[in-house]
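First the structure, in the form of structure tokens, and then the observations on it.
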Amino acid sequence: MRIDIITVLPELLRSPFAASIMKRAQTKGHLELYVHNLRDFSDDKHRNVDDYQYGGGAGMVMSVGPISKAIENLQAERDYDEIIYMTPDGAILDQNSCNQLSLAKNIIILCGHYKGVDQRIRDLYITKEISIGSYVLSGGELAAAIVVDAVVRLIPGVLNDETSALTDSFQDGLLAPPVYTRPPEFNGLKVPDVLLGGNPKEVEAWREEQALLRTRERRPDLLGD
Ligand code: 6GU
């Protein structure tokens, strides 16, 4: 998958992809990630990318010029499956939309800042608007990093153990069950006997039951009943 991120703060998007699974996805060729500085597309001598909003009011608006130039430069080279705008008024990200996005070949992610982008950018170019939750961040960059991480780890071959993405919380609509490793007892707390018993059927049944219990307790909304 190729991902092009357009941002005014490219430095915010270095370290999330420079370690661990996101780094390996790039070395193994599953992810081609490009971070573009929106200011490089400004015609302004001060490299400005924002302006006062029509109608007045506090806060700047990201201008149409640099963004349209950045997007059209990319579109001239290849077709994009999605052009995503990161914004607190977008649709809230969930595992379903991550699964769908993981099938895409090329995507652009535009990070919002200030009061956001001129509405005409959204009308003309954007195919999907994503929020990562009901709270406001200083900009779309950290949210974009979250989308990329959540999507890229679903591309076949990115995770070492092919099955492990399938047993994640949410992947089957349930939270994941509790997990344990050595030692068998810690501060008086014991690992459940069934996990030490060596019966895979019983272990599987216990995990399903615990996943259901945990979901009912913590996220009854996921069960829809
Ligand atoms: Cl995508 N951007 C900003 N600025 N705030 C957010 C968000 C995005 N998602 C949740 N809050």
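Sequence positions, counted from 1, serve as the residue numbers for this chain. Every number for a ligand or one of its atoms is a count from 1 in the order of the listing. The figures here come from the full heavy-atom set of this structure, side chains too, leaving out hydrogens, waters and symmetry mates.
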Within a radius of less than 6.0 Å around CZ of R39, do more than 12 heavy atoms belonging to other residues, nucleotides or ligands occur? yes
Going by the angle between their ring planes, with limits at 30° and 60°, are H36 and F41 parallel, tilted or perpendicular? perpendicular
Nitrogen or oxygen contacts under 3.5 Å, ligand 1 side and protein side:
unit_1: ligand 1; atom_1: 4 (N); unit_2: L137; atom_2: O; d: 3.1
unit_1: ligand 1; atom_1: 5 (N); unit_2: L137; atom_2: N; d: 3.0
unit_1: ligand 1; atom_1: 9 (N); unit_2: S131; atom_2: OG; d: 3.3
unit_1: ligand 1; atom_1: 9 (N); unit_2: I132; atom_2: N; d: 2.9
unit_1: ligand 1; atom_1: 11 (N); unit_2: Y135; atom_2: O; d: 2.5

Using the rule side chain to side chain contact (heavy atoms under 4.5 Å, CB included), only one of I67, L9, D50 pairs with L38; which is it? I67
Taken in chain and number order and not counting sequence neighbours, the residues that satisfy side-chain hydrogen bond (donor to acceptor under 3.5 Å, both in side chains) with R120 are D118
Suppose we screen for side-chain contact (heavy atoms from CB on, under 4.5 Å). Which residues come up paired with K23, at least two apart in sequence or across chains? none
Under the rule for side-chain hydrogen bond (donor to acceptor under 3.5 Å, both in side chains), what residues qualify as partners of D193, not counting sequence neighbours? none
